[in-house]
Amino acid sequence: GPELKAAFEQFVSNGGGPCQLAVPLARLAGIPCICMFHHPAPKRYHFLWRTKQVSTIVFTSRFTAEHTRGKIGRTGEVVLV
């Protein structure tokens, strides 16, 4: 709890897999969790990845952002690199 909050300002996870761990840790610490998604995924994956509980979602393409919005009703910022 407090130790995590003192050590981190936010969690940033790079992909759905790391998001599974980052979301509960961020909640426990009371800090935001940012998750970056690189590719479209089936709806059931988003439940495993806890996508609806993420503070902020970042996408690497407009296609992935629109696909995710259609699957779970959430979107986020698109960052083209």
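Note: hydrogens, waters and symmetry copies are ignored here, and every other heavy atom, side chains too, is used. Computed from a predicted model, the values in this text were never measured in an experiment.
- Heavy atoms only, all atoms of each residue included: Pro40 and His67 are closest at CB-ND1, 3.4 Å.
- Inter-residue side-chain proximity for Val54 and Cys19 is flagged as met; some heavy-atom pair is nearer than 4.5 Å.
- Between Phe59 atom CZ and Leu80 atom CG the span is 12.5 Å, to the nearest 0.5 Å.
- With hydrogens and angles ignored, the 3.5 Å screen pairs no side-chain donor or acceptor of Ser13 with any backbone N or O of Pro18.
- Thr68 contributes atom OG1, which lies 9.5 Å from atom NE2 of His39 (distance to the nearest 0.5 angstrom).
- Here the closest heavy-atom approach between residue Val78 and residue Ala65 is recorded as CG2-CB, 3.7 Å.
- Side-chain contact between Arg50 and Pro24 is present, with heavy atoms from C-beta onward closer than 4.5 Å.
- The shortest distance between side-chain heavy atoms of Lys52 and Ile72 falls below 4.5 Å.
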* CA sep, side-chain torsions, deciding dist, call: Arg74, Arg69, side-chain contact (heavy atoms from CB on, under 4.5 Å) -> CA-CA 5 Å; Arg74 278 200 69 185; Arg69 185 183 59 75; over 6 Å; no

* How far apart are the C-alpha atoms of Thr64 and His38, what are their side-chain angles, what is the distance that settles it, and do they pass the side-chain contact (heavy atoms from CB on, under 4.5 Å) test? -> CA-CA 7 Å; Thr64 301; His38 304 273; over 6 Å; no

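- Side-chain heavy atoms closer than 4.5 Å link hydrophobic residues (I, L, V, M, F, W, Y) into clusters, and following such links, possibly through other members, connects Val79 to Val12.
- For His46 and Phe37, the ring centers are positioned less than 6.0 Å apart.
- Tracing side-chain contacts under 4.5 Å through hydrophobic residues (I, L, V, M, F, W, Y), one reaches Trp49 starting from Val23; they form part of the same cluster.
- You'll find the side chain of Thr60 reaches within 4.5 Å of the side chain of Met36, heavy atoms only.
- Thr51 OG1 to Gln20 CD: the interatomic distance, rounded to the nearest 0.5 Å, is 9.5 Å.
- At most 12 non-hydrogen atoms from other residues, nucleotides or ligands lie less than 6.0 angstrom from CD of Glu77.
- One distance of note links CG of Leu25 with CD1 of Ile31; it measures 8.5 Å at 0.5 Å rounding.
- Note that CD of Glu66 and NZ of Lys71 are 13.5 Å apart. Values are rounded to the nearest 0.5 Å.
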